[in-house]
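Below: one structure, written as structure tokens.
Every chain is numbered from 1, with letters handed out A, B, ... down the list of sequences. These numbers come from a predicted model, not from an experiment.
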Amino acid sequence: MPAPLIEPVARLIESFARLPGIGPKTAQRLTFHLLRAPEVEARNLAAALVAVRDEVVFCERCFNISDAPLCSICRDPGRDTSRLCVVEEPLDVLAIERTGEFRGLYHVLNGAISPIDGIGPERLRIRELLARADEARRAGRPFTEVILATNPTLEGEATAMYLAERLEATVESITRIARGIPVGGDLEYADEITLIRSLQGRRAV
Amino acid sequence: MPGRLYVTDAIVLSRFEYGEADRVLTLMTPGHGKLKAIARGVRRPTSRLGGSLEPLAELRVALARGRTFDVVTQVSVGHAWLHLRDSLEATATAWYLAELADRSLEERNAAEPLYALLRRAYELLDAGMAPGRVARWFEMRLADQLGVRPEVDRCVECDRTLEAGQRFRWVPPLGGALCERCPGPPHARTALSLEALKLLKAYQRLDVEALAALRLPAAVEREAETAMRDFLRFSLEREARSLGFLDDVRVGR
């Protein structure tokens with residue numbers, strides 16, 4: 001009969017194994033790595049975990065992660081407040097910010113509509129988005145463009161269609177990010193649906 | 001012993017994200033019924049499988065048998081039904097039908113009739129048939145396939161023929177319509193108009209072309225919709241989760 005793990009080790013393995021993408025083997029490896037690593041490494045990790053729970057909140061306006069009631073983007077007076085980019089997750093904000101192409105504001109939905117999983121519009125930050133667009137219109141500064149940058153999955157597309165219908169009356173224009181062949185990709189290996197969508201979205205050069 | 005590799009037609013019913021860039025898919029296949037398969041690296045933009053492995057398309061999938069999940073090795077799209085995805089109501093209806101199919105299927109049990117039914121329903125949605133009509137047509141045939149065809153011709157209690165001029169009630173726990181003479185159970189019964197009863201009969205007897213051509217008051221369609229939803233909720237023992245979104249989409253019109 002194998003020797004049982006001592007309780008603190010078993011508890012850490014179990015905690016790691018609850019994280020997305022980490023199975024029992026990886027959880028064991030991470031735990032034993034921390035046991036072997038210098039003590040300061042483990043203590044830094046523990047402190048970072050506590051800080052992320054204690055100090056990180058969701059921005060009251062855009063629902064991106066923040067260390068203050070309003071996130072650094074919403075607080076930045078240099079941003080173009082007439083354009084709004086709607087994304088599914090805070091990580092999508094980071095991805096778009098890395099491009100340096102967009103200087104407007106964001107709205108993070110915290111997911112996408114997936115009825116089969118029981119995720120309807122009421123589970124996302126859609127009500128807040130509609131209120132935000134309506135408030136801007138009432139203040140005489142309607143968004144000139146709302147960019148729907150949800151993922152090009154069935155759920156992301158349905159979310160974008162739903163938002164386009166609901167936002168139509170309150171914003172000046174609604175756009176959807178383009179779909180097609182990734183840069184560096186190869187047409188020969190592209191799937192049929194991506195190819196069809198890229199042909200549908202072709203533009204004059 | 002069956003070979004390690006096999007190829008099948010499939011429709012993705014649902015999926016969830018797994019690990020760094022993988023997805024676990026619930027596939028509906030004609031010969032193997034419902035099965036779970038993993039698509040590795042499929043969430044990366046450069047994945048060769050990614051765009052194909054979306055729900056609401058008929059795929060030709062090559063799979064390798066695995067211990068927990070079978071592994072998707074190749075995929076090509078048979079029918080993409082892209083027009084269906086351009087309408088929010090059609091998409092929401094397709095989701096609802098996928099959920100009903102998912103609930104009705106056993107894993108690894110051949111499901112050719114149900115596969116053909118879902119495939120035909122998606123074809124009809126893609127061709128622009130009214131989503132509500134497609135949904136009722138699908139629900140009625142699904143009930144047939146589950147062996148719980150609703151009784152709309154004779155009283156479910158006394159077996160007398162239901163005739164015009166009577167008042168009817170809809171009683172899913174008893175399996176259909178009840179005549180005015182029979183008391184039925186004290187709960188779980190709602191009034192059903194003659195027009196709605198006729199429409200339910202039409203869904204049992206007419207082909208889809210004839211159903212698509214029917215001109216009916218919205219109130220009668222709603223009554224038939226409520227009756228079939230109640231019936232399937234009782235038969236499948238749970239309300240479909242995707243109905244909330246479907247109703248939300250239609251309210252917004």
Within the distance-only criterion (no hydrogens, no angle test), does the side chain of A/Thr150 pair as donor or acceptor with the backbone N or O of A/Gly156 below 3.5 angstrom?
yes

Are there more than 12 heavy atoms of other residues, nucleotides or ligands under 6.0 Å from atom CD of B/Gln74?
no

Side chain, backbone, both or neither of [X] within contact of chain A (heavy atoms, under 4.5 Å):
| X | value |
| --- | --- |
| B/Ala92 | neither |
| B/Glu99 | both |
| B/Arg23 | side chain |
| B/Asp86 | both |
| B/Leu13 | backbone |
| B/Thr91 | side chain |

Contact leader toward chain B among [options], where contacts are heavy-atom pairs under 4.5 Å:
| options | answer |
| --- | --- |
| A/Arg197, A/Gln200, A/Met161, A/Glu122 | A/Met161 |
| A/Gly118, A/Gly184, A/Gly120, A/Pro152 | A/Gly118 |
| A/Ile22, A/Ile181, A/Asp117, A/Ile119 | A/Asp117 |
| A/Thr194, A/Ile196, A/Leu154 | A/Leu154 |

Need one label for [X]: side chain, backbone, both or neither, based on atoms under 4.5 Å from any heavy atom in chain B.
| X | value |
| --- | --- |
| A/Arg179 | neither |
| A/Ala158 | both |
| A/Thr153 | both |

I'd like to check B/Thr93 versus B/Phe138 (side-chain heavy atoms, cut-off strictly below 4.5 Å). Are they in contact?
no

Nearest heavy-atom approach of B/Tyr96 to B/Arg229 is OH-CG, 4.4 Å

State, to 0.1 Å, how close A/Cys85 and A/Ala149 come at their nearest heavy-atom pair, and which atoms those are.
SG-CB, 3.7 Å

Any salt bridge linking [X] with [Y]? Criterion: basic side-chain nitrogen under 4.0 Å from a carboxylate oxygen.
| X | Y | answer |
| --- | --- | --- |
| B/Asp144 | B/Arg141 | no |
| B/Glu237 | B/Arg103 | no |
| A/Glu157 | A/Arg176 | yes |
| B/Asp22 | B/Arg43 | no |

